[in-house]
Every structure is written in C-alpha cells, then in structure tokens.
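Since the structure comes first, as structure tokens, the remarks are kept for the end.
The first residue of the sequence shown is numbered 1, and numbering continues consecutively from there.
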Amino acid sequence: MEKEKIIIDCDPGTDDALAIILALYSGKLDLKAVCSVTGNGALDTTTRNGLNILSLCGREDIPLYRGSAVALDRKQPATVSAFGDDGLGGFADTISSNKKEEDLNAVDFLVEYVNKYPNEITLFAIGPCTNIAHAIRKSKDFAKNLKHLIIMGGAKYTGNMSPVAEYNFWADPLAAHEVLMAGIQEVTMIGLDVTNKIALDCNMREILRMLNTKLSTFVYNITQIGMDENWKERRKAVSPMHDVLTVAYFLDNSIVNVKPAYIDVVTEGIARGQSIVDINGHWNKNKCNAKYAYDVDTAKFYKLFYKEIFNEDITDLIDKKQEE
C-alpha cells in the first residue's frame with residue numbers, strides 16, 4: 001500500500017517534536033519535508049530543533065526548509081516559553097547534529113511541491129499558519145491543489161493566550177483567517193478542546209523512563225518542563241502534547257470525533273486569535289469550510305502513541321486504568 005505523502009509545517013517545540021517522531025516511526029507516512037516557522041522560539045531555534053529531530057530519528061535524508069520569522073503583519077509574535085528557552089525543555093543540545101537546512105525557503109518549496117503533486121499532499125500546520133498564508137498569496141493554484149490541511153490551532157471553548165485564543169492562531173491571526181478562507185478542499189482543525197485531553201500524565205510519562213531507550217529518555221526529558229509549569233500555574237501534573245494529536249488522527253481517524261463547521265478567526269482587538277466555530281454552518285447559511293474536532297478517545301490515542309513509536313503494547317495498562 002502506497003504511503004500518504006505529507007509535509008509538516010511547524011515550530012519545534014516539544015509537541016512538534018512528538019508529531020514529527022510519530023509521523024516517522026509509524027512507518028505509514030511518507031514525510032517529504034519539514035518547514036519551520038517562529039513559535040516555540042525564534043526562527044533560528046525552531047529551525048535548528050527541526051534539523052536535529054530529523055537526525056535523532058535517523059532521517060537526515062528528509063529536507064528542512066526555513067520559513068517565516070515574522071507574522072503577516074511583519075511583526076515577530078511573542079514566542080512560547082512553556083518548553084524552555086531552547087524549545088525542548090533544556091535538552092536541545094543533547095540531540096545536536098550537523099544536518100543543514102535547504103537553500104530554498106519554505107514558502108517557495110510549498111508552492112512548488114504542492115503544485116507539482118496536485119491533490120496528493122496532506123499538510124500539517126502545527127505552528128502559526130504564516131508559511132501557508134504566504135503560499136496561498138503567492139500561488140492562486142496552491143489552495144486548490146492541496147489535498148488536506150490538518151491544523152493544530154484554535155478552540156471553540158477555551159484559550160491558552162487569552163480566555164478565548166489559542167497560541168498558533170493568536171501568534172498570526174491574519175494568517176489563520178486567510179488560510180481558513182482560502183477554499184482548501186479539506187481542512188481539519190484540531191484545537192485545545194481535544195489536545196488538552198491528551199496531556200501526558202505522570203503514569204503515562206513514567207513508562208517512557210522505564211523503556212530506557214535513547215528516544216524514550218529524550219521524550220521523557222523534554223516533557224518535564226511542561227509538567228513543572230502546569231503544576232506551578234494550574235496544579236495539574238500533566239505535560240502538553242498538543243501537536244502530536246494531528247498525526248495520531250491522520251493515522252487513525254477514529255481517535256478524534258469531528259463535526260462540519262464554518263470556522264473563522266478574529267484578527268484584532270480584545271478577542272484577537274479567537275476561532276469562531278459555527279457547527280454545521282448554522283449562522284452561515286449551512287456553509288462549512290472545515291471539520292472541527294470536538295472529542296477524543298484518550299485511551300486509543302495512548303495505545304497508538306506507544307505502539308507506533310516504541311513498539312510497546314500498553315492495552316492491558318490502559319484497560320485496567322479505565323476499570324478503576
């Protein structure tokens with residue numbers, strides 16, 4: 001069976017790292033490239049992290065293209081501090097490599113590659129949508145030639161940068177708005193309403209330590225800072241893993257439940273970055289431009305996560321936990 005061709009546009013970042021790792025270790029996806037953008041650190045940081053994550057996975061053959069340093073308004077958004085100054089919880093240096101980025105910039109690559117392979121590419125937007133918005137502006141054919149866009153961003157009911165705004169949409173709300181309005185044939189928005197539910201708890205994280213491989217130890221280490229911050233700020237002993245759910249959903253659609261919706265993004269003012277999710281397009285003459293993720297099977301997610309990346313079957317552990 002032919003593997004699905006994918007591109008990951010991201011701002012690595014701990015949760016981006018997990019998404020890349022899952023995509024590669026599943027063996028079911030053909031990752032053609034990674035594109036970087038400012039988000040979980042300035043562009044130099046996210047670009048370097050992306051290169052080193054590919055090397056960690058033994059996939060230095062996969063190219064990385066440097067993307068946008070600033071948002072569409074030409075201002076650099078405030079970067080995320082939740083994963084530390086290096087974006088990887090202080091452990092970026094432990095996976096340093098000599099892999100180099102490509103000469104071509106991310107926007108030009110996206111336009112060239114998607115237009116070369118119309119209706120074949122699924123694009124994961126798991127950082128701010130800046131690169132994709134620039135690609136849409138640059139090429140009238142880009143949006144119609146993209147097979148599927150899966151976005152980690154937004155939410156209907158909550159925010160993490162304000163009471164209503166999720167970071168990726170907040171960092172470049174105009175880009176998110178333009179991407180959602182571009183007429184891409186299939187768009188899925190997987191936001192905080194579901195990604196918060198798969199946050200790594202202490203029990204699931206301890207499995208990583210006990211597996212005691214280079215990769216499991218790395219994942220264990222980089223998730224410590226998120227757990228520490230969540231405990232300090234919210235008294236919750238969990239570490240965020242937002243982005244990885246996009247790849248898990250693509251591997252197994254039954255993990256996440258979605259509904260058709262008309263989704264737009266507030267671009268300015270007190271609600272800047274808020275995603276407006278109109279289920280079934282009720283307020284938009286029944287017109288829908290995306291699928292909205294409203295629920296997740298957390299147990300099924302964790303079973304897939306450990307099986308695909310670490311070849312570890314934790315079904316019995318999950319089932320016992322659910323019985324308690």
Side-chain angles (χ1 to χ4, degrees), residues 3-27 29-71 76 79-80 83 86-89 91-117 120-135 138 142 146 149-152 168 171-172 175 215 218-219 222 243-244 246-247 250 309:
K3 296 180 180 180
E4 292 276 357
K5 299 183 181 72
I6 69 167
I7 296 170
I8 296 179
D9 188 279
C10 57
D11 57 339
T14 293
D15 52 346
D16 306 78
L18 297 177
I20 294 170
I21 290 168
L22 178 57
L24 292 175
Y25 275 78
S26 74
L29 305 177
D30 185 4
L31 179 58
K32 292 299 186 182
V34 172
C35 300
S36 63
V37 68
T38 294
N40 287 314
L43 188 61
D44 283 347
T45 297
T46 60
T47 300
R48 182 175 61 251
N49 286 348
L51 292 166
N52 293 341
I53 291 160
L54 290 170
S55 296
L56 171 69
C57 296
R59 294 304 307 272
E60 293 194 342
D61 58 304
I62 296 174
L64 183 141
Y65 299 87
R66 175 185 288 256
S68 303
V70 296
Q76 178 174 314
T79 56
V80 174
F83 300 128
D86 66 355
L88 294 174
F91 291 90
D93 287 345
T94 66
I95 58 166
S96 60
S97 72
N98 294 319
K99 181 172 170 55
K100 305 297 183 184
E101 66 196 70
E102 303 300 307
D103 293 333
L104 190 67
N105 68 67
V107 174
D108 287 341
F109 163 73
L110 287 169
V111 169
E112 178 183 303
Y113 200 84
V114 169
N115 288 343
K116 183 177 180 181
Y117 298 99
E120 293 186 28
I121 308 301
T122 295
L123 176 59
F124 291 79
I126 57 177
C129 291
T130 315
N131 293 335
I132 297 118
H134 276 302
K138 189 177 182 69
F142 177 82
L146 194 59
L149 176 66
I150 302 177
I151 303 173
M152 191 281 120
N168 287 341
D172 196 342
L215 184 60
F218 174 70
V219 175
I222 65 175
D243 295 338
V244 70
T246 61
V247 178
F250 192 61
I309 299 177

In terms of relative ring orientation, are Phe250 and Phe124 parallel, tilted or perpendicular, with 30° and 60° separating the classes?
perpendicular
Report the residues that fulfil side-chain hydrogen bond (donor to acceptor under 3.5 Å, both in side chains) with Glu102, sequence neighbours left out, ordered by chain and then residue number.
none
Value for CD1 (Ile6) from CG (Leu31), rounded to nearest 0.5 Å, stands at 5.0 Å
CD/Glu4 to NZ/Lys32 distance, rounded to the nearest 0.5 angstrom?
12.0 Å
Distance-only donor-acceptor check, side chains Ser97 and Asn52, under 3.5 Å:
yes
Among all residues two or more places apart in sequence or in another chain, which pass the salt bridge (Lys or Arg N to Asp or Glu O under 4.0 Å) test with Asp86?
none
Test side-chain contact (heavy atoms from CB on, under 4.5 Å) on Leu88 and Ile95; report intermediate values, then the result.
CA-CA 10 Å; Leu88 294 174; Ile95 58 166; 4.1 Å; yes
How close do Lys99 and Ser55 get, heavy atom to heavy atom, and via which atoms?
CB-OG, 3.5 Å
Met152 and side chain to side chain contact (heavy atoms under 4.5 Å, CB included): which single residue from Thr246, Val244, Val247 fits?
Thr246
Grab the two heavy atoms, one from Cys129 and one from Ala125, that are nearest each other, plus how far apart they are.
SG-CB, 4.5 Å
So which atom in Tyr25 and which in Leu56 form the shortest heavy-atom distance, rounded to 0.1 Å?
OH-O, 4.5 Å
Identify whether the distance between the nearest side-chain nitrogen and carboxylate oxygen of Lys5 and Glu120 falls below 4.0 Å.
yes
Derivation and outcome, side-chain contact (heavy atoms from CB on, under 4.5 Å), residues Glu60 and Leu51:
CA-CA 8 Å; Glu60 293 194 342; Leu51 292 166; over 6 Å; no
For a side chain to side chain contact (heavy atoms under 4.5 Å, CB included) with Cys10, tell me which candidate from Ile20, Asp15, Val37 qualifies.
Ile20
For Thr46 and Asp11, test the side chains for any donor-to-acceptor distance below 3.5 angstrom and give the result as yes or no.
no
Side-chain touch Leu215/Ile309, heavy atoms, less than 4.5 angstrom
yes
For Gly13 and Asn49, which heavy atoms make the closest approach, and how far apart are they?
N-ND2, 4.0 Å
Output the distance between atom CG (Leu146) and atom OH (Tyr117), rounded to the nearest 0.5 Å.
15.0 Å
On a heavy-atom basis, the closest approach of Asp172 and Pro128 is CB-CB, 4.4 Å
Any non-hydrogen side-chain atom of Asp108 less than 4.5 Å from a side-chain atom of Lys138?
yes
Looking at CZ of Arg59 and CG of Leu54, how far apart are the two atoms once the value is rounded to the nearest 0.5 Å?
8.5 Å
Donor-acceptor contact below 3.5 Å, side chain Asp16 vs main chain Asp243
no
Show, in sequence, the C-alpha distance, side-chain angles and deciding distance for Ile222 and Phe83, and conclude whether the side-chain contact (heavy atoms from CB on, under 4.5 Å) test is met.
CA-CA 8 Å; Ile222 65 175; Phe83 300 128; over 6 Å; no
When you look at CG of Asp61, are more than 12 heavy atoms from neighbouring residues, nucleotides or ligands closer to it than 6.0 Å?
yes
As a test of understanding, state which of Thr47, Thr45, Asn131 forms a side-chain hydrogen bond (donor to acceptor under 3.5 Å, both in side chains) with Ser36.
Thr47
My understanding is that only residues two or more places apart in sequence, or in another chain, count here; which of them pass side-chain hydrogen bond (donor to acceptor under 3.5 Å, both in side chains) with Thr14?
none
From CA spacing to verdict: side-chain contact (heavy atoms from CB on, under 4.5 Å), Leu29, Lys3
CA-CA 5 Å; Leu29 305 177; Lys3 296 180 180 180; 5.8 Å; no
What distance separates Phe109 CZ from Leu64 CG, expressed to the nearest 0.5 Å?
10.0 Å
Straight-line distance of Ile62 CD1 to Ile53 CD1, nearest 0.5 Å:
12.0 Å
Is any side-chain heavy atom of Leu110 closer than 4.5 Å to a side-chain heavy atom of Leu123?
yes
Shortest non-hydrogen separation from Ala135 to Val107 and the atoms involved:
N-CG1, 3.8 Å
Keeping Thr38 on the side-chain end and Ala69 on the backbone end, is there a donor-acceptor pair under 3.5 Å?
yes
